[in-house]
There are 2 protein chains.
Amino acid sequence: MRGGCGVRAMTGRETPWVERFPGLSRLAQETKDLLLSKSSIVEVPSGTVIFGPGKSPENMLFLLEGTVRVQQVSDTGREIVLYRIHSGESCVLTTACLLAYEDYAAEGIAETAVRAVAVPRKVFDDLVGQSKAFRDFVFAAFSKRITDLFLMVDEVAFQRMDVRLGQRLLALADAAGAIATTHQKLSIELGTAREVVSRQLQEFQRRGWVQQSRGKVRICDRRALENLVEHHG
Amino acid sequence: MRGGCGVRAMTGRETPWVERFPGLSRLAQETKDLLLSKSSIVEVPSGTVIFGPGKSPENMLFLLEGTVRVQQVSDTGREIVLYRIHSGESCVLTTACLLAYEDYAAEGIAETAVRAVAVPRKVFDDLVGQSKAFRDFVFAAFSKRITDLFLMVDEVAFQRMDVRLGQRLLALADAAGAIATTHQKLSIELGTAREVVSRQLQEFQRRGWVQQSRGKVRICDRRALENLVEHHG
DNA sequence: TGCGCCTCAGTGACATTGTCACCAACGACC
DNA sequence: GGTCGTTGGTGACAATGTCACTGAGGCGCA
């Protein structure tokens, strides 16, 4: 689900950004034109807090490039990553969400440099009213988010930590199996304590599944991790 | 699942059901009329599985009476209650949800006898298109559900079990402090094991906060439980 | 009444995970 | 070299989850 190439070429007018969103390419030309004319492209550097407690976004974002990490910050100080928005996906829910309920504890952070299309709330609302195709796109986004959150609750409540860590390692690894992250960051991914991650990684290393160095993890036996995840998940 | 009856208590035209939903009473009269004419009232007995794996609802429900419990069933056999829909609330998300993504493991169960208004998918979509007020209602419902799920993840991941049990006891108790439920059912509320609930309740009883008998829990010291919940949650 | 059968709850042993305090290794910087 | 913050390792302990088993209560029925 990542755009990768094509983004650069997008800067020309041969391929308007609308075409890069599977759900939006089906819109009527008139709707696309409205969307294109009333929106603007924003760029934010890596690490920017896009929304958070006391910082509501006024625009709906459609990500062209980069990823946004959404995480819950507990009042106990612990954190957990809820989900990520990748390029080609939209922030539909977060905005609608935060507009209605101000008492939330989640925040969205640009995990990389991000380029996105900002659609003002008003334009968004008009589009939902005018276009059935756009409605379908929006509801599909909401639906996916909610079912994912259902699965997230299930995972946090019932899944073993070694399986969850294995999942994340596989998801975060690049093609060579390398992951540039710390135990601390991995513990936030899973909503657990750093010590737990350290212990699990040591066990994985003892079994020859991964190798560790400061700030890095490398998967040596992808098959074994997949088997762990598959068998118990 | 047929319309028809329900005339019993709904009687007469003095208060159309639309007025009983805070968000809907603001609709234009024309929108209300459309909603009233194109929907039907259904009644389902307690215990009915309204939706679940392999059983998608074709209608959007607005609850007039009763409650629906939505729970996640893990492939490990364990379960956890995600949320409840009370009278005056709508099922917006579940329907939209299940329409788009068939691979879910959540189910909705009528916890009591339920009377509800069934709005066909098509009518719902038209209303979203026509009425800004209806859109606001729908997005507010989605938003509340999503923020609640954020909090749910937070609670499951970080909150102590005694605090969570205390919360549920306070929420489920009637005015006299009585709760008619088993340890097993309480464990499903929290997504934990029965033994854990038994141990916690014993500790609460030892402290004089609750009294237990077969299939029943009675809160003796509501203040103490509130203090537990308040102080650590 | 006594019997069988089911649900409900209690218990102990153990595994997993979370918490806390502390320490050692590493790298950036002066 | 020396200092400092970050990163990761360790052990003790608490909280929670898992498992196997026990017994108490309720209910139908001969």
Side-chain angles (χ1 to χ4, degrees), chain A residues 47 72 74-80 153-169 178-207 210-218 228-229 231-233, chain B residues 47 72 74-80 153-169 178-207 210-218 228-229 231-233:
Chain A
Q72 175 82 8
S74 174
D75 49 9
T76 66
R78 287 178 60 188
E79 304 171 44
I80 184 168
V153 170
D154 189 298
E155 184 189 313
V156 171
F158 303 132
Q159 197 67 278
R160 291 175 53 91
M161 199 50 79
D162 53 356
V163 174
R164 294 180 58 206
L165 179 58
Q167 282 176 349
R168 288 295 173 133
L169 291 179
I179 307 157
T181 188
T182 66
H183 294 189
Q184 177 65 49
K185 284 181 183 165
L186 283 172
S187 75
I188 292 177
E189 292 283 332
L190 302 171
T192 184
R194 177 190 60 79
E195 295 92 322
V196 175
V197 171
S198 294
R199 284 197 290 246
Q200 292 291 354
L201 283 177
Q202 275 182 304
E203 177 61 19
F204 287 173
Q205 187 171 38
R206 195 189 63 76
R207 297 184 193 175
V210 305
Q211 282 186 344
Q212 297 184 70
S213 55
R214 190 181 178 85
K216 270 181 289 189
V217 180
R218 202 171 65 78
L228 172 73
V229 171
H231 197 265
H232 295 280
Chain B
Q72 175 82 7
S74 173
D75 50 9
T76 66
R78 286 177 62 187
E79 304 171 44
I80 184 169
V153 170
D154 189 297
E155 184 189 313
V156 171
F158 303 132
Q159 196 67 276
R160 291 175 51 92
M161 200 48 81
D162 53 356
V163 175
R164 294 179 58 206
L165 179 58
Q167 282 177 348
R168 289 295 173 131
L169 291 179
I179 307 158
T181 187
T182 65
H183 294 187
Q184 177 65 49
K185 284 180 183 165
L186 283 172
S187 74
I188 291 177
E189 291 285 331
L190 303 171
T192 184
R194 177 190 59 80
E195 295 91 322
V196 175
V197 171
S198 295
R199 283 197 290 245
Q200 293 291 354
L201 283 177
Q202 275 182 303
E203 177 61 19
F204 287 173
Q205 187 171 38
R206 194 188 65 75
R207 297 185 194 174
V210 304
Q211 282 185 343
Q212 298 183 69
S213 55
R214 189 182 177 85
K216 270 180 290 191
V217 180
R218 203 171 64 77
L228 172 73
V229 171
H231 196 265
H232 295 280

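Given the structure is predicted, the values throughout are model-derived calculations rather than measurements. A, B, ... follow the sequence lines: proteins, then strands. Residue 1 opens every chain.
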Note, [X] side chain near [Y] side chain (heavy atom, < 4.5 Å):
X	Y	value
A:Q200	A:M161	yes
A:F204	A:L165	yes
A:H231	A:V163	no
A:F158	B:I80	yes
A:R164	A:V229	no

If the condition is salt bridge (charged side-chain N to carboxylate O under 4.0 Å, His left out), which residues does A:R207 pass it with, not counting sequence neighbours?
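Applying salt bridge (charged side-chain N to carboxylate O under 4.0 Å, His left out) to A:R207 gives A:E203.
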
A:R160: which residues meet the salt bridge (charged side-chain N to carboxylate O under 4.0 Å, His left out) condition with it, sequence neighbours left out?
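A:R160: salt bridge (charged side-chain N to carboxylate O under 4.0 Å, His left out) contacts with A:D162.
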
Got a sec? Which of residues 180-189 of chain A come in under 4.0 Å of DNA chain D, heavy atoms?
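Heavy-atom cutoff 4.0 Å gives A:T182, A:H183.
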
Range on DNA chain D touched by chain A, heavy atoms, distance below 4.0 Å
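It runs D:dG5 to D:dA12.
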
Mind checking what makes side-chain hydrogen bond (donor to acceptor under 3.5 Å, both in side chains) contact with [X], not counting sequence neighbours?
X	answer
A:R218	A:Q211
B:Q184	none
A:S187	none
A:R199	none

Review item, nucleotides 23-29 of chain C N/O atoms under 3.5 Å of protein N/O:
{"residue": "C:dC26", "atom": "O2", "partner": "A:R214", "partner atom": "NH2", "Å": "3.1"}

Whole angstrom is fine here: how far is it from CD in A:E195 over to P in C:dA21?
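Those two atoms, CD and P, are 11 Å apart.
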
Side-chain atoms of residues 188-195 of chain B: list all donor-acceptor pairs with protein atoms under 3.5 Å, sequence neighbours left out, distances to 0.1 Å.
{"residue": "B:E189", "atom": "OE1", "partner": "B:R84", "partner atom": "NH1", "Å": "3.2"}
{"residue": "B:E189", "atom": "OE1", "partner": "B:R168", "partner atom": "NH1", "Å": "2.4"}
{"residue": "B:E189", "atom": "OE2", "partner": "B:R84", "partner atom": "NH2", "Å": "2.5"}

What residues form a side chain to side chain contact (heavy atoms under 4.5 Å, CB included) with B:K185, not counting sequence neighbours?
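For B:K185 the side chain to side chain contact (heavy atoms under 4.5 Å, CB included) partners, ignoring immediate neighbours, are B:T181, B:T182.
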
Identify each atom pair where a protein N or O and an N or O of nucleotides 15-17 of chain C are less than 3.5 Å apart, giving names and distance.
{"residue": "C:dT17", "atom": "OP1", "partner": "A:M161", "partner atom": "N", "Å": "2.7"}
{"residue": "C:dT17", "atom": "OP2", "partner": "A:Q200", "partner atom": "NE2", "Å": "3.0"}

How would you label the contact of B:R164 with the nucleic acid (heavy atoms, under 4.0 Å): base, sugar-phosphate, or nothing?
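It contacts nothing in the nucleic acid.
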
